[in-house]
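A note on names: the letters A, B, ... follow the listed sequences, proteins ahead of strands, and every chain is numbered from 1. Model, not experiment: these values are computed from the prediction.
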Number of protein chains: 2
Amino acid sequence: MTATPLPRVTIKDVAARAGVSKGAVSLAFNQKPGLSEATRDRIFRAARELGWAPSSTARTLAGSRVDVVGLAVCRPARLLGLEPFYMEFISGVESVLVERSCSLLLRLVRSPDEEVGLMESWWRGRQIGGSILVDFRADDPRPAVAERLGLPVVAVGHPSLTGGLTSVWTDDATAVTEAVRYLAALGHRRIARVGGAAALGHTSIRTTAFDEAVGALEPAARAWQVATDFSGDAGARATRSLLTAAPPERPTAIVYDNDIMAVAGLSVAAEMGLRVPDDVSLLAWDDSQLCRLTHPTLSAMSHDIHGFGAEVARTLFGVITGEGPGSHPVPTPVLTPRGSTAPP
Amino acid sequence: MTATPLPRVTIKDVAARAGVSKGAVSLAFNQKPGLSEATRDRIFRAARELGWAPSSTARTLAGSRVDVVGLAVCRPARLLGLEPFYMEFISGVESVLVERSCSLLLRLVRSPDEEVGLMESWWRGRQIGGSILVDFRADDPRPAVAERLGLPVVAVGHPSLTGGLTSVWTDDATAVTEAVRYLAALGHRRIARVGGAAALGHTSIRTTAFDEAVGALEPAARAWQVATDFSGDAGARATRSLLTAAPPERPTAIVYDNDIMAVAGLSVAAEMGLRVPDDVSLLAWDDSQLCRLTHPTLSAMSHDIHGFGAEVARTLFGVITGEGPGSHPVPTPVLTPRGSTAPP
DNA sequence: AATCGCGACTTTACCGGTTCAATAAGTGGC
DNA sequence: GCCACTTATTGAACCGGTAAAGTCGCGATT
């Protein structure tokens, strides 16, 4: 019952069957000039008959292309499973990779250091042709490492965080401001935000923008902010503590940094006997399908995560083919009002 | 993709610095006998000083192990993003791969045919040393292909679906039965199930088991089943149509095939003015964090998806190292009662 | 007629490792 | 002091491709 591997068919077999040399086969399969149509056809026919496709491993070693891109994600596994963002992002990336017959090498790491080590070994070992970098932190070591290695990368994050690397980003500051303005326009003056992991750069961008946006409202306006780990539990805890205060000290609207926490917030409000949106308005972020599955439905800052991933992949191909560094903003998340927001 | 020319350090450099031959370095790095401790040390020191690690590409080509395992997932990208199952499963797989310094090659495919093609080209091109197969269907072509290629794989699914391949599976039939018995014990006699994609093998296993379980109750008991695509929207639609009938024709309990649809069901019930669990009980499946974030919280059939993924990876390593085919059941999902189920 | 240019291949030298037969050095027996 | 026997180390042959430098035949140029 031991699986006896098939005799592997190699370029040599194809060459023999087509009556040409290895080199000719290589030429044919890389659409390079120097072969007659007739020979080309014979080669392709032989390859088809033998079921041969070039070994990407051998190709890589021979120094041509590397058709794999890396993605290391540094977040606790348990949280990732729940965060709709990543799978959707990945599916967007894939949608572009597939067109180029590339694959995604995925690895969950536990620390930024581990990620740096992985970048090095992937690149040194020629396992990847480029990499996608996410979740930038203050003083992130990765830009320097990528630079030193000459590894083509695209950074997902605001240029202020990504140390000169080519970056793809959404304008979170503007989005936060829009969220606050929207709530203010509804009449809210006591607004809270349940943010993500404090260590992440985009969290601090949102935090700052939120403070500024609320500060720009009339003096009576008041802001609260809480940092979490993005988990639903943390979102529930934060919401509970924000809503336990008596009405004047209690926010009338809460903005969340992802959908999961907003869902959790909804449930906490219900459990506390507060009506959404009458007693408190909730605003989610990302706008996955989840926002339309709750009752009331969740208003959200929505953006096209799939498209975002696709843009990242396209940009990475640009970098790999030698394009200089650049900054690629994608559309700012827009407010999608639903059932969870209303005047206080 | 073209590779950026960089002063790559290779085994030759290490050999030169340690004053030995390439072969010796290889011996040292593969813990093979035949080298003196002193030489071994010198080699490791040289490697460390040069920051060298063996190229897995070259190793692969030279015929030793391949340290990448493949996973192709054939579901619409948009659904995947929302399905907590996959990311959690993947993180479980990764947890084992990391210990062996292996990586996961991930690809989203659009059809079973595309997946078969991918298996072939990954294996032929020596990109993977083994593969994980998920989402089995009736008459799935993959067992035959894996057999023919000699590709080491582990199938995620009941042995009746996976055509003799080594499989890792949960006993869904028993779990469904337990769910039905639980609801029956609460007093429910009109029970519905909102199932997953009809084409998937595990869906039909659950469907059959559900019919049998309800049939085994007193004759007055009645069952409904609806197939969906696992999406929240589909879950909402299914729930709506189940609950619009007048009370005698309406189920008093609904079992869902995943968490997302149960969340959607919860919201539909609320929107229809039905109280959960007083008017209708809902039971989710998988039990991701989501189930504890709703109000009421969702009772669910819960299992350890992370551990499941880990077991799959371990089993795959077994297959790769030549273990014969086997069947590896993991613990049956257990009922976790929460706030969404009660007597009718 | 000798030379040139060019298309259509073939040859050959890698890429960065692994593997194994061959060799050199060291040990012990007698 | 010679031989058999280990043990440490090397050299060369791959692995399956790519790429650059030949080779060869042939019509066009001078």
Within the pair [X] and [N], is there a side-chain N or O less than 4.0 Å away from OP1 or OP2?
| X | N | value |
| --- | --- | --- |
| A/S36 | C/dC9 | yes |
| B/S21 | D/dT10 | yes |
| A/K32 | D/dA19 | yes |
| A/S26 | D/dT18 | yes |
| A/T39 | C/dA8 | no |

Nearest-Å distance for atom pair [atom1]/[atom2], residues [X] and [N]:
| X | N | atom1 | atom2 | answer |
| --- | --- | --- | --- | --- |
| B/L27 | D/dT7 | CG | P | 15 Å |
| B/D41 | D/dA8 | CG | P | 14 Å |
| B/L35 | C/dT19 | CG | C1' | 13 Å |
| B/K22 | C/dC20 | NZ | P | 16 Å |
| A/R124 | C/dG17 | CZ | P | 11 Å |
| A/W123 | C/dG16 | CH2 | P | 12 Å |
| B/I43 | D/dT10 | CD1 | C1' | 12 Å |
| A/L61 | C/dC15 | CG | C1' | 4 Å |

(message) Any carboxylate oxygen within less than 4.0 angstrom of a Lys/Arg side-chain nitrogen, looking at B/D135 and B/R75?
(response)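 Judged by the 4.0 Å cut-off on N to carboxylate O distance, B/D135 and B/R75 do form a salt bridge.
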
(request) State whether A/R148 and A/E120 are salt-bridged, where the test is any N-O pair (Lys NZ or Arg NE/NH1/NH2 against Asp/Glu carboxylate O) under 4.0 Å. (result) yes

(request) May I ask you to decide if B/L27's main-chain N or O and B/N30's side chain share a donor-acceptor pair within less than 3.5 Å? (result)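 Checked: no pair found.
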
(request) Enter the distance from B/L118:CG to B/Q127:CD here, rounded to the nearest 0.5 Å. (result) 8.5 Å

Minimum-distance nucleotide (side-chain atoms of [X] versus [options]):
| X | options | value |
| --- | --- | --- |
| A/K12 | D/dT9, C/dG17, D/dC15 | D/dC15 |
| A/A62 | D/dT18, C/dG16, D/dT9 | D/dT18 |
| A/I11 | D/dT9, D/dT18, C/dT10 | D/dT18 |
| A/A58 | D/dG17, C/dT18, C/dT19 | D/dG17 |

(message) Need to verify one output field. Residue with the more 5' nearest nucleotide on DNA chain C, A/R42 or B/V25?
(response) A/R42

(request) Name the orientation class of the two ring planes belonging to B/F89 and B/Y86 (parallel below 30°, tilted from 30 to 60°, perpendicular beyond 60°). (result)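 Geometry flag for B/Y86 against B/F89: perpendicular rings.
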
